[in-house]
Every structure is written in C-alpha cells, then in structure tokens.
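Structure, as structure tokens:
Atoms within each ligand, like the ligands themselves, are counted from 1 in listed order. Just the heavy atoms: all of them, side chains too, but no hydrogens, waters or symmetry mates, feed the values below.
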Amino acid sequence: MMHEILPEVRAFLARAQKLLIGGEHVPAASGDTFETLDPATGLALARVAAGDAEDIARAVQAARTAFPAWAALMPAERERLLHRLADLMEAHRAELAQLETLDNGKPYRVAFNVEMNVAIGQLRYYAGWPTKLTGETYAVSSPDFHVYTRREPLGVCAAITPWNYSIVMATQKIGPALACGNTLVLKPAEQTPLAALRLGELALEAGIPPGVLNVVTGLGETAGAALSRHPGVDKIAFTGSTEVGRTIAATAAATLKHVSLELGGKSPLIIWDDADLEAAAEAAVWAIFSNSGQNCVAGSRLYVHTKVYDRVLEAVVKRTRQLNVGPGLAEDSDLGPLISQAQLDRALGFVERGALEGAALRTGGHRLGGALGAGYFLEPTIFDGVADDMAVGAAEIFGPVLSVFAFEDEDDVVRRANASPFGLAAGLWTNHLARAHRMAARLRAGVVWINTYDWFDPAVPFGGVGQSGYGRELGSQVMGMYTELKSVWVKL
Ligand code: ADP
C-alpha cells in the first residue's frame, strides 16, 4: 500500500518555490531556478529559486534589520513564539513529513514518527531556553568593584545544512540561534530544499517577525559560499561533509566568524563475546542501514570478537536480507533510495573497489532494478574479510555499505577503532561493566553508545573530534556557541 500524497503537499509542490527573505517570497535576483528531484523516481518534484551572492546579501540585510527588535524581545515572548512554531509543526506534521519523504526518499513512517518527533522535541527544548540564560558575578580581588557577565546574542547567524535529515538539521540550528536572540539565514541543501521553505512559512505564521528566519535555497558553491564569505554573518553552523567543512572554515576565517562544524564519520561498533548477541546484531543492522546509510553517525565499521564472529556475521546478514528497500511512500519500506545518482554512483564505486581489493561480499552490492530501476535504490551491502586500510573499510561512504572485522582483545580493537581520522561516534556491546566504562574513555569519539546505538536527546551534546569537526550541537552548552559573554565592571 502507498500513502496518498496530501492535497496541501500537492499544492505546495505545484507552486514555484521562491526564497523567503524579510518575510517575503521573492525570486532569486538572477531569476535562476533549479529542480529538486524525487530520488524514488528520479523525476522532478518541484522548481526552486537558485539564490546566489546577491540574494544572500539581501537575506543578511533582512536578518540584520530584524536583529535589534528580536534581541530586545522579552525572553518569555521569544519562548512563546518558538513554542508556537513547534505547535504548528505538530499541526503540519504529516505535510512536513511527506515533503521530507518526497524530497529525501526516506520512509514516510520514519519521517513522521522519528524525524518530526526529534525536530519538534528540539524546538521545544530550545523554546525553554530564553528565560534560562544567565550571566555570573565574580569575586574579584578588590573591594571596589562589582563585576558581572551578560550573555548577549551574536547577531546574524547562518545555518548551512545537509540533505539527510533536512528538518532536524534545520530545527537543531534555528532553535538555539533564535532562542538566544539571534536572527538567522538558513541555506538548506540543494537536494532537499522543500521542508525548510515550508518551515520558514510556518515561522511567519507563528508570529516570528519577518527577517528573523530567512531561507535562501541555492547551490553550495554559490549561495553557501556567499554566506561563508559575507562580513555581515557572525556565526556559521555547518553540518555536512568534511571536505566542505574545511572550505567553509577557511573562507569564514577571513572575517573571523564563529564556526561550528558537524562533519563526517566512519564510526566503529564493537561487539564483545559477552554481549546480548541477538540485540547487538539487530542494533548493528540499524546502526549502518537506517536512512540507507546516509547518516553521519552510521556504524559503518563493525568489529566482532573472534569467538562470536561467525555467529554475529550470520545474524547480521540474515537480518539485512529481510530489510525491505522501496519508495518512501510505500507503507512497508524499511529503507528508501539514496539521495541522488551521484550518491548512488559513489556508493557503487566503493562496492566495486571493495570487491577488487579482495573483500568478501556477503550480501547486497547491486542497484535495484525492475519497478525501482528509475530511482536510486541500492541493496544494503555487507563486506567482510576487509583489511583495515581498504577504501571500503576506511572512507566515509554515506551509503548502505558495512564492513565487518574480527578482533582479538581490547587493545587491538581500541587501536583499530581509533585509527580513523574521523571521531564522531562509537558503539560498544558488552555486559562487562568495567570494560564498558574503560573503553568509553579510550574510544576517540564525540559520542559513545553502550548497548544501544543512534540515540539522541536535545539535552545531550553532540559533535565530533578530529576530522568529524568541532563545536557541539544540542545540549545547554550550545547556548554558549550562539552568544557572546560581556564582562561589566562597576566601580562601587
Ligand atoms: P553532502 O556531502 O552530505 O552532500 P555537503 O557538505 O556537500 O554534504 O553539503 C552540505 C551543505 O553544504 C549543503 O547545504 C551544500 O549546499 C553546502 N555546500 C556545499 N559546498 C559548499 C561550499 N563550497 N560553501 C558553502 N556551502 C557549501
């Protein structure tokens, strides 16, 4: 059975999508547009304005104009408006989830239940923050002064987001930016611009003043690069590839913008012989294949203790073969297509290289044909017999490809898990309490999941080390990344 496309979604797709600047729908100054495709069919879904440097300049100006009044708004009022936006997201949950499914390809069930839950939860978490921001007083070594700090907004922030969770990536940055009194220019990924545009409309409907949240769709090299360069932008929060993160950090350095980077990964998941092997195998399957492997925290390197290697590999392969790959709108799809032909080609390239380098293909490895042939569908793929330095086992693929390795002991697996230049996430399955905590400390990653994987909560910081980036998203710490501390000295 297929989910019916909602009338409001049809109406949205039929409109030529414009930029949202200063509360107005405006075409790109150049008049240029681009198509966003449905990855399940490869067909055009909607036509969207292609913003460039001129549009970015207009959006930054609108955000700058809106900034003083937004920053001066009573915190309780900012809270109310952010909660109102979360309410509207609830009310339009099915519509936003369908836009995400059509634009990104992921199963509607996942978009509706998981992505929308996370996005609304994040927004509500941040909605609570404006009234909780505080400064401090200091015990200076002189009786003559009273010294305190004020936590002030940075000004105009920019969010450059990827296509894998387009709604969550937007709320994760809109929430703290606006809660702290900043205004924002959001540049969604060109592959998935639709939900962000609808979110921008809902923000206006919620009563968030024009110019506080601007959405400029466009290509990374034009609109994204212009945001990184623009002297009127005070901070860039970026989620995406390590390569683009480096470019953005370098460009942003010229104007000393604040930068936070949430980048790629090649995350290890380690299963010990004393673990609940059934639960571990099930978790390992979802750790890599959820969102068709297009997940920054994808557990793409699976290390299994030699004693249970064959058993765990067999369970993982068996479960993987049961996964249903199909269009996001089909009710029984577990995995959707990859986002684009380019991403499919890239993943297939790694599969081919893995086979050439001598890794053993245990399941998958092919593009799906038949009725799915026009879309970018790839079978979930598992290799074992992978040497640590093979491309398939070391590079971030961002697709449904798992490499499985055997390990002997703790030092061996910690060394190999940590050998990656990335350091985003790590998973650990063991019932040995001391080992679990010891290894959590030894693994080089921004997040370690023990006897679970891929859990998030808006209260818990998230981010990576090394080539996975710097700065954190989520949690209370992020408020420090969207504000500046001002020290005030008063002579008594
Ligand atoms: P992915 O590899 O997941 O597609 P990218 O890092 O290419 O991720 O893209 C993430 C975001 O970065 C997108 O919004 C994209 O448009 C943007 N982007 C791509 N290139 C640049 C660039 N040179 N400068 C700024 N933003 C960019």
Can you tell me which residue and heavy atom of the protein come closest to [atom], and the distance to 0.1 Å?
atom: atom 7 (O) of ligand 1; value: V244 CG2, 3.8 Å
atom: atom 19 (C) of ligand 1; value: G220 CA, 3.5 Å
atom: atom 17 (C) of ligand 1; value: I160 CG2, 3.6 Å
atom: atom 5 (P) of ligand 1; value: S241 OG, 3.6 Å
atom: atom 1 (P) of ligand 1; value: W163 NE1, 3.6 Å
atom: atom 14 (O) of ligand 1; value: T161 O, 2.7 Å
atom: atom 25 (C) of ligand 1; value: G224 C, 3.2 Å
atom: atom 15 (C) of ligand 1; value: E190 OE1, 3.5 Å

Could you grab the distance from atom [atom1] of [X] to atom [atom2] of [Y], nearest 0.5 Å is fine?
X: E24; Y: K18; atom1: CD; atom2: NZ; answer: 10.5 Å
X: Q61; Y: H230; atom1: CD; atom2: NE2; answer: 8.0 Å
X: N295; Y: D454; atom1: CG; atom2: CG; answer: 5.0 Å
X: I397; Y: I288; atom1: CD1; atom2: CD1; answer: 7.5 Å
X: W163; Y: E190; atom1: CH2; atom2: CD; answer: 11.0 Å
X: R444; Y: L424; atom1: CZ; atom2: CG; answer: 11.5 Å

Mark up the atoms of ligand 1 that fall under 4.0 Å of a heavy atom belonging to [X], in ascending order.
X: I248; result: 24 (N), 25 (C), 26 (N)
X: F238; result: 6 (O), 10 (C), 11 (C), 12 (O)
X: G240; result: 6 (O)

- Message: Regarding ligand 1, does K187 bring an N or O atom to under 3.5 Å of one of the ligand's N or O atoms?
- Response: yes

Decide if atom [atom1] of [X] counts as having more than 12 heavy atoms of other residues, nucleotides or ligands within a radius under 6.0 Å.
X: Q477; atom1: CD; answer: yes
X: E54; atom1: CD; answer: no
X: E90; atom1: CD; answer: yes

- Specify side chain, backbone, both or neither for T251, according to which of its non-hydrogen atoms lie closer than 4.0 Å to ligand 1.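 For T251, no heavy atom sits under 4.0 Å from ligand 1.
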
- Message: Strictly less than 4.0 Å: does any protein heavy-atom distance to atom 3 (O) of ligand 1 fall in that range?
- Response: yes

